[in-house]
Amino acid sequence: MNRETLLRCSVFASLTGEEAAQLLNCLDGKYKALGNNCALSLDADSVAFLVCGEASVQPPCAAPFSAARGDAVAGRCMLTAKTRCECVVLRRTRLLSLCRNACACHRRALMNYALLRVEPPSTAAAPPR
């Protein structure tokens, strides 16, 4: 995966290319490229960060929804590429557990993930003037 592409992923914001590569290695991250209509099954401990492309997400017993570049998809579901997609898949338990030797880039990635999870939707209406 191209480092510039990887750094567009929200969880790697504020990291250098070298730090992102180190973090992927530390967290046993997997790069996945999906062609049109190719599917990727995620288990309950997976979190996929879409680096580019658009996908349909089908959780069990729920309505499907769309995900695009910059979105994170977590938990048991089927991710099906609508366009050519690239994503990074991490184990949620490894991302969320900091050992006492955790590097600074792991801590920043964890903060980025936490901010991603609590940000209000970007489609919210602007406040009246």
Side-chain angles (χ1 to χ4, degrees):
M1 170 186 286
N2 180 318
R3 283 189 182 180
E4 290 81 29
T5 303
L6 178 63
L7 294 176
R8 287 187 214 139
C9 180
S10 54
V11 77
F12 297 107
S14 78
L15 300 181
T16 66
E18 186 175 310
E19 288 172 329
Q22 177 186 0
L23 181 64
L24 280 178
N25 186 46
C26 173
L27 298 178
D28 194 27
K30 305 291 185 216
Y31 165 76
K32 302 288 183 181
L34 303 173
N36 290 355
N37 298 316
C38 289
L40 173 65
S41 178
L42 299 177
D43 65 23
D45 190 39
S46 295
V47 58
F49 299 94
L50 270 70
V51 178
C52 70
E54 187 176 347
S56 174
V57 181
Q58 177 64 61
C61 304
F65 60 93
S66 290
R69 187 187 84 167
D71 290 341
V73 178
R76 185 170 287 122
C77 65
M78 184 66 67
L79 189 85
T80 304
K82 291 181 178 178
T83 64
R84 185 182 174 288
C85 287
E86 294 180 21
C87 61
V88 174
V89 181
L90 301 175
R91 309 302 305 160
R92 202 170 6 185
T93 50
R94 289 194 73 174
L95 176 63
L96 297 177
S97 61
L98 287 177
C99 67
R100 55 193 170 116
N101 295 328
C103 60
C105 59
H106 187 165
R107 293 172 198 269
R108 284 198 310 270
L110 180 57
M111 289 303 300
N112 290 340
Y113 181 65
L115 291 173
L116 176 74
R117 306 286 292 173
V118 298
E119 281 184 351
S122 60
T123 58
R129 292 185 180 199

Requested in this report: Considering non-hydrogen atoms only, spot the tightest contact between R76 and P60 and give its length.
Outcome: O-CD, 3.0 Å
Query raised in the report: What residue pairs, at least two apart or across chains, pass salt bridge (charged side-chain N to carboxylate O under 4.0 Å, His left out) with a residue in residues 36-47?
Result: D43-R91, D45-R91
Under 3.5 Å, which donor-acceptor pairs link side chains of residues 77-84 to any protein atom two or more places apart or in another chain?
residue	atom	partner	partner atom	Å
K82	NZ	S66	OG	2.5
T83	OG1	E54	N	3.0
R84	NH1	E86	OE2	2.8
R84	NH2	E86	OE2	3.2

Report task. Would you name the heavy atoms of L34 and A39 that are closest together and state the gap between them? Result -> CD2-O, 4.2 Å
Query raised in the report: Do L90 and L24 have side-chain heavy atoms sitting under 4.5 Å apart?
Result: yes
Report summary line: For A68 and L50 the tightest heavy-atom approach is O-CB, 3.7 Å
Report task. Could you pull out the closest heavy-atom pair between V51 and R69, with the gap in Å? Result -> O-CG, 2.8 Å
Query raised in the report: Which atom pair, heavy atoms only, marks the closest approach of G75 to L42?
Result: O-CB, 3.5 Å
Query - side chain to side chain contact (heavy atoms under 4.5 Å, CB included) partners of D28, counting only residues at least two apart - result: K30, R94
